[in-house]
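Structure record follows, encoded as structure tokens.
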Amino acid sequence: MSALSGFENELRKGLEEYPVKPGEKFSYGTAGFRTLGDTLESVLFKVGILAALRSKSCGGKTIGVMITASHNPAEDNGVKLVDPRGEMLDTSWESHATDFANAPSLDAFIAILEDFIRSKQISLGTPAKVVYARDTRASGPKLVAALRKGFAAMGAVATDAEVTTTPILHYLVDTINTTTQEWNVNNLIEGYYLKLSNAFKRLLADRGTSAHLLIDCANGVGALAAKKLDDFLGESLTLKLKNTSVESTEKLNKDCGADYVKVGQKLPPSLTSELRPGQRGCSLDGDADRLIYYYLDDSGKFRMLDGDKITTLVASFIMRLVKDAGLDDAEEKIKVGVVQTAYANGSSTRYLSERLPVTCVPTGVKHLHHAAAERYDIGVYFEANGHGTVLFSSSAQHKVASHKPSTAAQATALGRLKDVINVINQTVGDALSDMLLVEVALYHMAYSVETWDKLYSDLPNRLVKVKVGDRNAFVTEDAERRLVRPPGLQAKIDELVRRTGGRSFVRPSGTEDVVRVYAEAKETEAAIDLALRVAGLVYDEAGGDPAQRPADFR
Ligand code: G16
């Protein structure tokens, strides 16, 4: 008898209600499934089933499901699973998620499910628990409905965290699985704000005046979370929130948000009359897991402080605290290191490499998180796009907790380090937690935003998207810095780079149906020229229609 015989009825009903339409193809990529929101109901039903099975295979621990398409346009949506410690889904399950989503019929789906349950030795009798949330997108509610039917089909107990940020959902999953106390989701979310804001206030207790910060909330869920955080922060930080129109769902990420700023290297138009020279501003993305800082210099010129600059500031601050606390001597030595991707500006990598170990990994928080945890006692990781956090290994946390300072200055630094750990959301990149960390680091390093900016000068750079027929034809190696397929293309890029100078790489996006081209060079015009030449090569190599070739590709 089939292991699924007790479930077939519900599965059949769900698959009839949410069929895969002819021609649809889904893939679990860098950040889960992501595409037009209206096409995702069948995927959500199956993700509900997969999440329940993941919980069963983890002995009944709570699994998270987040419905969001983050920085992508308002009409997109997506979904990703969160593992019990709040980290991204184990990569060995990703291809199964893709197989589930693409199963064309009930029979095909049941066959895949049975095979999967057998190969993973999942006991269907184990209870399943999930917690789920969504961002503010219009397609969210109907995707939630499909997801819930997937949970119900497998008998999972589901907790609704409603509309909240991606990093809060990750935090919830970890907290639910580690708390020994009775909980309800509202109390846990309150606990999140209390943990961050209390540590922040202690760290800034001796600052007389409150700093002012302008926040571009991308018209997304970050607006709701920032408003809540503001209530908890009281007078310790004065926030001015902009782009908070969450009800006008079509405005999400539109001409605002962290990706708009990072890619365009410019201020959202809605902020031009708000930001005064020297004042700090920052942008969140649509689900508040990315953060980009900026300011206008004395001449009114826009200056951006991206994930690389945040890495530099935060790593310097933490290294100083470790040293001042006496945790860098031979016996207790805590190793601080940094993880970046190929997108890291060459100047940042040079600056950081002269001061601490630096590792380069492929794009995607899961890769950075893993490397930070594996390689360092304290791993600082940020993608250039502003997505990142700091991880403290359990041995580092133990050393910090048990260290006996020998001077008053050491005791002060140690106390700060403990509070810094509490300001950070270690489960995943968290724009609001990262923002508090930046504010704390600036204060304790006695840096103005200009001093921070001047730690190193970014090499001019450009990011270009190329629409191709099949982005999977592009395969990379060496942490995405080189192409192995299509054959011969890397040699052409090498030749171009040799002639023009600079650096460039090409990789398929994991969240959009495009190939991304990055280039940097000593001069802005050279960086743009290199990016557009490589984009032209990619377009032609991928057999792009000459009539549709973007006019600016060279
Ligand atoms: C997601 C991932 C990030 C990645 C970004 C872009 O961010 O979580 O790690 O950098 O996509 O990925 P790609 O270049 O492959 O499209 P988010 O903020 O959209 O969740």
Side-chain angles (χ1 to χ4, degrees), residues 27-35 37 64-74 76-83 86-89 91 94 133-135 137 165-170 217-218 220-222 252-253 256-263 283-292 306-308 310-311 339-344 360-372 381-389 425 427-432 434 463-468 471-472 474-476 479-481 505-518 538:
S27 168
Y28 197 99
T30 315
F33 293 104
R34 229 176 247 190
T35 183
V65 179
M66 183 70 205
I67 301 176
T68 178
S70 189
H71 67 282
N72 293 120
D76 285 6
N77 215 328
V79 61
K80 65 180 173 186
L81 268 67
V82 178
D83 261 357
E87 70 280 40
M88 300 288 192
L89 174 69
T91 46
E94 291 181 356
R134 63 180 175 93
D135 68 15
R137 284 164 205 268
T165 71
T166 295
I168 289 181
L169 190 269
H170 283 252
C217 300
V221 64
L252 178 70
N253 297 324
C256 60
D259 201 56
Y260 175 90
V261 174
K262 172 64 182 160
V263 175
S283 286
L284 321 178
D285 69 340
D287 62 340
D289 61 5
R290 297 191 194 184
L291 177 72
I292 300 284
D306 63 2
D308 300 334
I310 295 175
T311 307
V339 186
Q340 299 188 306
T341 71
Y343 288 113
C360 182
V361 298
T363 301
V365 163
K366 63 188 174 203
H367 299 297
L368 289 104
H369 197 88
H370 181 72
Y381 76 79
F382 280 88
E383 295 183 288
N385 62 26
H387 202 163
T389 185
N425 179 352
T427 59
V428 79
D430 181 334
L432 293 175
D434 292 339
L463 192 56
V464 179
K465 290 183 197 181
V466 186
K467 280 219 164 284
V468 296
R471 73 188 201 268
N472 297 319
F474 291 75
V475 180
T476 61
E480 302 185 321
R481 289 174 287 199
F505 66 88
V506 173
R507 56 174 285 278
S509 162
T511 61
E512 281 177 82
D513 196 13
V514 295
V515 166
R516 300 198 199 280
V517 172
Y518 175 86
V538 167

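Whatever order the structure lists them in is the order used to number ligands and atoms, beginning at 1.
Remark: the T363 side chain and the E480 side chain contain an N/O donor-acceptor pair separated by less than 3.5 Å. Between the side chains of D287 and S70, at least one donor N or O lies within less than 3.5 Å of an accepting N or O.
Under a 4.0 Å N-O distance rule, the pair E87/K366 does not qualify as a salt bridge.
Among residues two or more places apart in sequence or in another chain, the salt bridge (Lys or Arg N to Asp or Glu O under 4.0 Å) test is passed with K262 by D306.
In this structure, ligand 1 sits under 4.0 Å from heavy atoms belonging to T30, A31, R34, S70, H71, D285, D289, R290, T363, G364, V365, E383, N385, H387, R507, S509, G510, T511, R516.
The ring of H387 has its center no closer than 6.0 angstrom to the ring center of F382.
With values rounded to the nearest 0.5 angstrom, L252 atom CG is found 6.5 Å from D135 atom CG.
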